[in-house]
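Input: a single structure, listed below in structure tokens.
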2 protein chains.
Amino acid sequence: MQYRNAMPAQLPTTEKGRATRRRILQATSQLIAERGVDRVSLEDVEREAGVGRSQLYHYFGGRDDLLRAVIDTTTDAVLGAQNGLLDELDTFAAIERWFDGLVALQERRGAVGGCPIGSLVGQLAERDDQTRAALATGFERWEQPLVAGLTSMQDRGELRPDASVESLADMTMAAIQGGLLLTQVRRDPRQLRRALDGARAVLASAAAV
Amino acid sequence: MQYRNAMPAQLPTTEKGRATRRRILQATSQLIAERGVDRVSLEDVEREAGVGRSQLYHYFGGRDDLLRAVIDTTTDAVLGAQNGLLDELDTFAAIERWFDGLVALQERRGAVGGCPIGSLVGQLAERDDQTRAALATGFERWEQPLVAGLTSMQDRGELRPDASVESLADMTMAAIQGGLLLTQVRRDPRQLRRALDGARAVLASAAAV
DNA sequence: GCGTTTCTGTATTGCATAGTACAGAGACTG
DNA sequence: CAGTCTCTGTACTATGCAATACAGAAACGC
């Protein structure tokens, strides 16, 4: 399956057009999260979104272009699922609530599916650099609240001044992704729990004395 | 793309047959690591392995069966790439050498590709339970030397007796996977470095006092 | 050697599916 | 209300590719 590198395709100008485009993206994002990129055809998307072939090619340059665009929508969904928890990660307690929420979400889902964005990495990261960059942006958006929270803690003197907020945040994101991956593959939410317990310990060790 | 659930297909009895089967698996494993599951056709495999269509269906029950089988081969390759480092993970120094080796490998590869097994998770984990189980077995094999090493350290009194070797090993594997995923998506081996620094700190905190 | 099993080569089939063509509905604009 | 732009519906084309059919070579057993 090698598809053409297709054009950007303009954004819709009318409200109706924007709604259609949104419906396409949400349907695609959902189907991909359920089945994986290569098990979703344009026909599936048409059915799920209730649109015709012409709309797909009106709003997107082709399948590859649609896939690139869907990364942002998936990121929206992932961040949305954590809503409230991501708002102010500027205390250890808030970070722990966030962690607990992530574990609880996996328990609710039966440890199925892993991280929708993380799963896209294995499927799309090496396709082209634009796609990889879109994934990187997704993680940036996810990590940003944590960076902000930790920075605020450091400013308030709750984190040691010599601690690297960037490194701590990266380490935490890695724990989340790795924990979710093992959770998925082992169908065991405790995998995420253990990974996050480790991250918590490292964060705590950076607390001011 | 929906393929039939195909049969197990017997193992070859002759040496020549085993060699052919091995060549098919290695070619498939390599191509998939480079391009991803859905960018590798049976025709590609035939070319790369120098076999005909009939061989593929002689040794495997079909495309899906080949994919399941290739998970083991990919695991072999990943463990092989760490050879020597995985042998005796029963001191902090050995574990650090292992971590350093993983980071060095990513630097050499330009942070491209991530973890071949981890990448398969996003592509195959939700296909069917047998496939997911094969991936789980791959991680089991990878984690086993660490569990053995940590157990040995605990037996020798270098780890606190109340520390959970299983949890520590799971946390470490999560750090590796998450670190590799971020390394791949950001094209930055320091992501793995930071994740492993975190794991190292947690392991060190379980050292006997 | 002869039959049987294992292994290999090639041509073909059938289907799923990405992409295209083209017409038409609806809305806004002067 | 005529003209233009955005949006939508459907039928069609082309092709990549998994799967099959079938024949033949090579090895092995008795």
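Just so it is clear: chains get the letters A, B, ... in the order the sequence lines come, proteins before strands, and each one is counted from 1. As the structure is a prediction and not an experimental result, all values here were calculated from the model.
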Can a side-chain donor-acceptor contact be found between [Y] and [X] if the only test is distance below 3.5 angstrom?
| X | Y | value |
| --- | --- | --- |
| A:Asp44 | A:Ser41 | yes |
| B:Arg18 | B:Thr14 | no |
| A:Gln184 | B:Glu126 | yes |

Integer-rounded Å distance: [N] [atom2] and [X] [atom1]:
| X | N | atom1 | atom2 | answer |
| --- | --- | --- | --- | --- |
| B:Tyr57 | C:dG9 | OH | C1' | 16 Å |
| B:Asp65 | D:dA18 | CG | C1' | 14 Å |
| B:Asp38 | D:dA18 | CG | C1' | 15 Å |
| B:Glu43 | C:dG9 | CD | C1' | 14 Å |
| B:Leu66 | D:dA19 | CG | C1' | 14 Å |
| B:Phe60 | D:dA18 | CZ | P | 15 Å |
| A:Arg47 | C:dT17 | CZ | C1' | 12 Å |
| A:Arg63 | D:dT15 | CZ | C1' | 15 Å |

Heavy-atom donor-acceptor pair, A:Thr183 side chain to A:Leu192 backbone, under 3.5 Å: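 Present.
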Contact state string [nucleotides 4-12 of chain D, B base, S sugar-phosphate only, - no protein heavy atom under 4.0 Å]: --SBBBB--
A:Glu34 atom CD, neighbour heavy-atom count above 12 within 6.0 Å: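 Yes.
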Distance (rounded to the nearest 0.5 Å) between B:Asp128 CG and B:Arg68 CZ: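 It comes to 5.0 Å.
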